[in-house]
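Written below as structure tokens is the structure these notes are about.
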Amino acid sequence: MNRREFHNAALVSLATAMGGSLGQAQETETGQSESTGPWNLPSKTFGGMQFWADQLFFHDWRIQRNAVTGHCRLLDTNGWRHAWGSFEECRAKLDQIRRAKQLSPMQGAGVLVMHGLGRTRNSMKKMAAMLHDQGKYTVFNVTYPSTRYIIAEHARSLARIIQSLEGITQINFVCHSLGNLIVRYWLAESGAEEGGLQSDQRIQRMVMLGPPNHRPELASTAAKIDFTGQIGGKTLAQLSKGWDQLEPHLAT
């Protein structure tokens with residue numbers, strides 16, 4: 001396969017993956033139905049991962065914020081929603097569940113796993129399972145709306161997640177593609193370069209899978225056909241036209 005054929009195949013794959021994710025989200029969870037129902041009872045969610053950003057982890061429980069409405073929801077390991085509304089309401093419900101179920105605190109070494117542009121945490125499930133089963137890590141497979149925010153906002157969500165990891169004594173990263181840049185941006189914003197990771201002594205290792213550490217040629221090519229901004233959103237624009245402004249904010 002030559003360069004042109006590779007680019008064409010990659011663009012089709014990117015558009016298909018992202019279009020599918022966006023389509024599912026729009027059909028299920030873009031509106032305010034999550035927070036306006038009269039009964040805040042446990043119920044199954046239906047995806048919409050391109051609209052949700054993880055904000056807090058406790059073992060397999062997570063609090064997420066909707067990129068469109070701004071409201072939050074509390075999910076268990078099976079994707080069942082146990083509360084929705086404000087972050088404080090979801091946190092209070094989680095604390096209630098922790099007491100009722102007598103859930104033990106988190107401890108030991110953890111790994112944050114982060115997917116790439118247009119993907120969801122499902123693309124990293126096998127990696128997360130391997131790290132848990134063979135590495136014996138506590139694994140946090142992160143969801144973030146990669147096509148909805150700029151990288152700075154993804155980095156802010158990552159900061160909230162890291163702050164929530166109470167009891168975890170070591171934090172590592174395994175990231176694919178865009179996930180690497182989010183970590184690099186967070187490291188720069190947290191003063192890692194000046195303070196030698198003084199911002200959080202728990203940070204240890206990082207495995208970078210297909211990182212776009214230099215101007216990504218594929219992003220520039222994809223941006224030329226993304227006339228409406230619906231394929232890659234604001235992030236794709238940053239990786240292409242905005243790379244010169246983005247790169248100085250990425251820690252080495």
Side-chain angles (χ1 to χ4, degrees), residues 21 24-25 28-29 34-35 40-67 71-116 119-146 154 157-176 179 182-183 200 202-207:
S21 298
Q24 180 189 43
T28 58
E29 297 185 359
E34 291 278 348
S35 59
N40 200 339
L41 299 174
S43 57
K44 183 67 175 177
T45 60
F46 298 98
M49 292 187 188
Q50 279 295 338
F51 286 86
W52 294 96
D54 287 330
Q55 305 289 295
L56 177 148
F57 278 94
F58 178 72
H59 292 295
D60 291 330
W61 293 79
R62 67 184 68 214
I63 295 177
Q64 299 180 319
R65 189 183 305 278
N66 190 286
H71 74 276
C72 295
R73 65 181 183 180
L74 170 65
L75 302 183
D76 65 15
T77 185
N78 296 314
W80 279 74
R81 184 186 59 213
H82 290 256
W84 64 95
S86 69
F87 178 86
E88 291 73 21
E89 289 170 328
C90 292
R91 181 63 185 267
K93 181 63 176 180
L94 176 59
D95 290 341
Q96 177 186 341
I97 292 171
R98 289 178 61 175
R99 292 190 297 268
K101 296 181 176 293
Q102 297 183 332
L103 300 178
S104 60
M106 296 189 294
Q107 59 182 348
V111 180
L112 286 166
V113 177
M114 300 190 67
H115 60 79
R119 300 294 182 173
T120 70
R121 64 191 297 263
N122 289 334
S123 67
M124 304 296 283
K125 287 179 68 174
K126 290 184 178 180
M127 175 68 71
M130 184 275 293
L131 290 167
H132 176 270
D133 296 340
Q134 299 185 30
K136 307 303 179 184
Y137 290 102
T138 299
V139 181
F140 307 99
N141 191 358
V142 177
T143 289
Y144 66 97
S146 62
H154 296 316
S157 290
L158 176 60
R160 297 184 192 105
I161 290 172
I162 291 173
Q163 291 171 1
S164 77
L165 301 181
E166 299 177 0
I168 296 299
T169 56
Q170 182 187 113
I171 297 175
N172 305 283
F173 299 96
V174 176
C175 304
H176 175 238
I182 295 171
V183 175
D200 196 322
R202 298 176 297 171
I203 305 300
Q204 297 295 317
R205 296 186 173 96
M206 181 175 179
V207 176

From Q163 atom CD to L158 atom CG, the distance as rounded to the nearest 0.5 Å: 10.0 Å

Minimum heavy-atom distance between R202 and I168, given as atom pair plus value: CD-O, 3.0 Å

Sequence-distant partners of M206, side-chain contact (heavy atoms from CB on, under 4.5 Å), two or more places apart: F173, C175, N180, V183, M208

Residue pair I161 / L56: nearest heavy atoms and the distance that separates them: CG1-N, 4.4 Å

Partner set under side chain to side chain donor-acceptor pair (under 3.5 Å) for D54, not counting sequence neighbours: R62, Q64

Partner residues of H115 under the ring pair (Phe, Tyr, Trp, His ring centres under 6.0 Å) criterion, sequence neighbours left out: Y144

Set of residues satisfying salt bridge (Lys or Arg N to Asp or Glu O under 4.0 Å) with respect to R160, sequence neighbours excluded: E153

W80 vs L75, side chain to side chain contact (heavy atoms under 4.5 Å, CB included): CA-CA, chis, key distance, verdict: CA-CA 5 Å; W80 279 74; L75 302 183; over 6 Å; no

All side chain to side chain donor-acceptor pair (under 3.5 Å) counterparts of S164, not counting sequence neighbours: none

Residue list, salt bridge (Lys or Arg N to Asp or Glu O under 4.0 Å) with D76, at least two apart or on another chain: none

Side chain to side chain donor-acceptor pair (under 3.5 Å) pairs, two or more places apart, involving residues 98-113: none

With F57 via ring pair (Phe, Tyr, Trp, His ring centres under 6.0 Å) - residues at least two apart: F140

Heavy-atom closest contact (W61 atom, H82 atom, distance): CZ3-CD2, 3.6 Å

Within residues 165-174 or reaching into it, pairs that qualify as side chain to side chain donor-acceptor pair (under 3.5 Å) - sequence neighbours excluded: Q170-N172

Considering all heavy atoms, the nearest R65-Q55 contact: NE-OE1, 3.6 Å

Using residues 87-94 as the side-chain source, report each donor-acceptor pair under 3.5 Å to any protein atom, sequence neighbours left out, with the distance given to one decimal.
unit_1	atom_1	unit_2	atom_2	d
E89	OE1	S86	N	2.8
E89	OE1	S86	OG	3.3

